[in-house]
Number of protein chains: 2
Amino acid sequence: MNRRNTPTKEAVLSLLSSSKKALSQDAIERQLDIKINRATIYRVLNRFCEDDLVHRIVAEDGKQYFAICKKCEPSEKTKYHFHFRCLSCDTIECLKIPVQYSIPEGYEVQNANCVLTGTCNDCSL
Amino acid sequence: MNRRNTPTKEAVLSLLSSSKKALSQDAIERQLDIKINRATIYRVLNRFCEDDLVHRIVAEDGKQYFAICKKCEPSEKTKYHFHFRCLSCDTIECLKIPVQYSIPEGYEVQNANCVLTGTCNDCSL
DNA sequence: CGTATTATTGCAACATAATCGCAATAAAAT
DNA sequence: ATTTTATTGCGATTATGTTGCAATAATACG
Ligand SMILES: [Mn+2]
Ligand SMILES: [Mn+2]
Ligand SMILES: [Zn+2]
Ligand SMILES: [Zn+2]
């Protein structure tokens, strides 16, 4: 399935690139200059995830948030990192903290979704 | 707000106690002998969480799963532990693996939701 | 006991997130 | 220019979870 370049794709990727926070579909739709259909945004995002351009975070609110993988090297060591959700400013950000665990025998980990919740630095003043 | 003992409450708690896996509202409703309304189950579960009898896990599928806190002492050291979701048998279990992280200055963590996904021991044969 | 208080329940309606089918559009290849 | 088919918009649909309200029942209290 070959990918095609479209204004929609570029707009969403550009927005994610310039954002310091992970964004939900909702937030993306609101922040975009052009009007893009909801289903389309989801499809674009899902494609980005498939292509490992973007990673998906599921927060405690059950919603999906998307963030660009800038420094997310697929190096086995720092494969997964924590995310932080601030209950005060309601933003989700990537923390440069590797997820460490020792999995029991026989288990195989394919993905990790780790979200810490609380108050961020900006809001704790 | 005082709590009252009801058949519903006991049935749900008993089911969670005897289950080795975390259960969704859906699964609880199906596994219960008596028919209990969906909203009621959610309300019972939310009360259990408020009272720290049960803890809530939000998985990658965006759904809530509930598990009994048997050995979940509120000791600060092992406050949070990992959970594992098997994509093969579609179950979620508590791992006795503490969540370790070093949070940046100024951040305050109130909760952690950490789910590893992959294949469990039973399914990896 | 009998009665009063109010936590709990069932039901329907609601809210929101995310997906899907299908026809129309448009990017890319030829 | 024409063909191919990935992408889009739209509406409908599924799913999870919550809420308002009246009815029910657990608990306290005389
Ligand atoms: Mn991240
Ligand atoms: Mn657990
Ligand atoms: Zn904040
Ligand atoms: Zn399994």
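The sequence lines fix the lettering, A, B, ..., with proteins before strands; numbering per chain opens at 1.
- Looking at heavy-atom distances under 4.0 Å, A/Asn37 makes contact with a base.
- A salt bridge between B/Arg85 and B/Glu93 is absent, with no side-chain N of the basic residue lying under 4.0 Å from a carboxylate O of the acidic one.
- Pairing each heavy atom of A/Cys120 with each of A/Cys86, the nearest pair is N-SG, 3.4 Å.
- Rounded to whole Å, the distance from CD1 on B/Ile36 to C1' on C/dT9 is 10 Å.
- Of the candidates C/dC20, D/dT16, D/dT8, the closest approach to any side-chain atom of A/Arg47 belongs to D/dT8.
- In this entry the distance linking NZ of B/Lys9 with C1' of C/dA7 reads 10 Å, nearest Å.
- Between B/Arg56 and B/Arg4, the residue anchored closer to the 5' end of DNA chain D is B/Arg56, taking for each the nucleotide with the nearest heavy atom.
- C/dT9 atom C1' lies 14 Å from atom CD of B/Glu29, rounded to whole Å.
- Side-chain nitrogen and oxygen atoms of A/Asn2 include none within less than 4.0 Å of the OP1 or OP2 phosphate oxygen of D/dT7.
- Crowding of A/Asp51 atom CG: a count of heavy atoms from other residues, nucleotides or ligands under 6.0 Å exceeding 12.
- Distance NZ (B/Lys35) to P (C/dT9): 14 Å, rounded to an integer number of Å.
- Here A/Asp61 lies out of heavy-atom contact (under 4.0 Å) with every strand.
- For C/dT8, the base has no donor-acceptor partner in the side chain of B/Arg3 [N/O atoms by modelled type, under 3.5 angstrom].
- Side-chain rings of A/Phe48 and A/Phe66 stay apart, their centers remaining 6.0 Å or farther from each other.
- Residue B/Ile57 contributes atom CD1, which lies 16 Å from atom P of D/dT16 at whole-angstrom precision.
- Counting any heavy atom pair closer than 4.0 Å across all strands shown, B/Thr8 reaches sugar-phosphate atoms only and no base atom.
- In this structure, A/Tyr42 reaches the C/dA18 phosphate: one of its side-chain N or O atoms is under 4.0 Å from OP1 or OP2.
- Here C/dT8 presents its P atom at 9 Å from CG of B/Asn5, a figure rounded to the nearest Å.
- The base of D/dG20 sits with one of its N or O atoms less than 3.5 Å from a complementary donor or acceptor on the side chain of B/Arg43.
- Interface remark: the B/Arg38 side chain does not form any donor-acceptor pair with the D/dT16 base, using a distance-only criterion of under 3.5 Å.
- Residues A/Pro98 and A/Phe82 share a closest heavy-atom pair of O-CE1, 3.7 Å.
- Mapping A/Asp26 and B/Thr6 onto DNA chain C by nearest heavy atom places B/Thr6 closer to the 5' end of the strand.
- Atom CG in B/Leu45 sits about 14 Å away from atom C1' in C/dT8, given to the nearest Å.
- Within the 4.0 angstrom heavy-atom criterion, only backbone atoms of the sugar-phosphate kind lie near B/Gln64; the bases stay farther away.
- In this structure, the CD atom of A/Gln25 is 15 Å from the C1' atom of C/dC20, given to the nearest Å.
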